[in-house]
Amino acid sequence: MHPINSRIILRPADPARATAFYRDTLGLAISREFPGGTVFFLGQGYLEVSGHSGDGGAGNIALWLQVRDLAATHRELLDRGVTVLREPKREPWGLHEMWISDPDGVRIVIVEVPPEHPIRKDSRTPSD
């Protein structure tokens, strides 16, 4: 597997409070916002605050790994004996995703971003 991008996904008990903490208290710069979530710059990576989880533990955090070819990564991981929790599919938000987990139950979302997806647009440049 060859990740080309990654982020940590936090599923807080109180999303508004967590977003305010990372944005206002820590002063992290926002990379992008979308309905239900905010992605912050985190040095060489990203922190996404989205969704909601009140159960604590590994369910509140996930790793997001972007790959060039999800189908090839799926086959490679199956060949290595990895249990796929959720088969690859196109999500309503336009990304192709599959889910696995590490031995401690930390969810890992493996993503392929289609060429037409807005995440590929440089938000620093004005649109015409």
Side-chain angles (χ1 to χ4, degrees):
M1 188 169 119
H2 303 281
I4 57 174
N5 197 342
S6 64
R7 70 178 64 164
I8 298 167
I9 300 174
L10 180 63
R11 305 268 190 235
D14 184 337
R17 183 181 67 187
T19 298
F21 173 79
Y22 289 104
R23 180 191 59 226
D24 304 330
T25 305
L26 294 186
L28 296 181
I30 294 173
S31 168
R32 66 186 280 267
E33 295 176 290
F34 55 92
T38 304
V39 179
F40 296 96
F41 287 107
L42 196 61
Q44 294 293 319
Y46 298 94
L47 170 66
E48 176 180 319
V49 178
S50 65
H52 179 274
S53 178
D55 61 358
N60 288 351
I61 216 162
L63 298 178
W64 187 94
L65 302 176
Q66 181 183 347
V67 297
R68 293 185 196 284
D69 185 337
L70 186 60
T73 301
H74 179 237
R75 287 188 302 275
E76 177 185 341
L77 294 177
L78 288 175
D79 289 347
R80 292 182 183 180
V82 173
T83 300
V84 175
L85 303 175
R86 192 156 153 222
E87 293 293 320
K89 72 175 194 173
R90 184 178 180 112
E91 297 293 349
W93 45 89
L95 298 176
H96 300 273
E97 296 185 3
M98 92 173 160
W99 298 356
I100 63 173
S101 68
D102 78 1
D104 291 320
V106 174
R107 287 173 296 147
I108 302 170
V109 182
I110 302 175
V111 178
E112 180 181 333
V113 180
E116 72 281 359
H117 195 276
I119 204 169
R120 290 194 184 243
K121 181 180 178 194
D122 186 346
S123 61
R124 298 170 298 172
T125 58
S127 59
D128 295 320

Trainee: Compare every heavy atom of Gly51 with every heavy atom of Pro15, then report the nearest pair and how far apart it is.
Mentor: CG-O, 3.1 Å
Trainee: So does Arg86 have more than 12 non-hydrogen atoms from other groups sitting under 6.0 Å from CZ?
Mentor: yes
Trainee: Would you mind reporting whether Pro114 and Arg90 have side-chain heavy atoms less than 4.5 Å apart?
Mentor: yes
Trainee: Closest approach of Gly37 and Ser50, non-hydrogen atoms and distance?
Mentor: CA-CB, 3.8 Å
Trainee: Would you say Phe34 ends up clustered with Ile30 if hydrophobic residues are merged whenever their side chains have heavy atoms under 4.5 Å apart, either directly or through other cluster members?
Mentor: no
Trainee: Measure the spacing between CD1 of Ile100 and CD1 of Ile108 and express it to the nearest 0.5 Å.
Mentor: 4.5 Å
Trainee: Please examine the side chains of Val49 and Phe21, heavy atoms only from C-beta on, and report whether any two atoms are closer than 4.5 Å.
Mentor: no
Trainee: With distance as the sole test, does Arg23 use its side chain to make a donor-acceptor pair with the main-chain N or O of Ala29 at under 3.5 Å?
Mentor: no
Trainee: Salt bridge check: are Glu97 and Arg107 linked by an N-O gap of less than 4.0 Å?
Mentor: no
Trainee: Spell out, as yes or no, whether a donor-acceptor pair under 3.5 Å connects the side chain of Glu76 to the backbone of Met1.
Mentor: yes
Trainee: If you measure from CG on Asp69 to NE2 on His96, what distance do you get to the nearest 0.5 Å?
Mentor: 10.5 Å
Trainee: Can you confirm whether Gln66 sits close enough to Arg7 that some side-chain heavy atom of one is under 4.5 Å from a side-chain heavy atom of the other?
Mentor: no
Trainee: Do the side chain of His117 and the main chain of Trp93 share a donor and acceptor less than 3.5 angstrom apart?
Mentor: yes
Trainee: Specify the closest pair of heavy atoms between Pro3 and Val67, including all atoms of both residues, with the distance to one decimal.
Mentor: CA-CG1, 4.4 Å
Trainee: Within a strict 4.5 Å, meaning less than it, do heavy atoms of the Thr73 and Met98 side chains meet?
Mentor: yes
Trainee: Return the OG1 to CD distance between Thr19 and Glu48, rounded to the nearest 0.5 Å.
Mentor: 10.0 Å
Trainee: Atom CD1 in Ile110, atom CG in Leu63: separation rounded to 0.5 Å?
Mentor: 10.0 Å
Trainee: Given Leu95 and Val113, is the side-chain contact (heavy atoms from CB on, under 4.5 Å) satisfied, shown in steps?
Mentor: CA-CA 5 Å; Leu95 298 176; Val113 180; 3.8 Å; yes
Trainee: Might you point out which heavy atoms bring Val82 and Leu78 nearest each other, and give the distance in Å?
Mentor: O-CD2, 3.9 Å
Trainee: Verify side-chain contact (heavy atoms from CB on, under 4.5 Å) between Tyr22 and Leu10, making sure each step is shown before the conclusion.
Mentor: CA-CA 11 Å; Tyr22 289 104; Leu10 180 63; 3.6 Å; yes
Trainee: Would the Tyr46 and Phe40 ring centres measure less than 6.0 Å apart?
Mentor: no
Trainee: Grouping I, L, V, M, F, W and Y whenever their side-chain heavy atoms are under 4.5 Å apart, do Ile8 and Phe41 come out in a common cluster?
Mentor: no
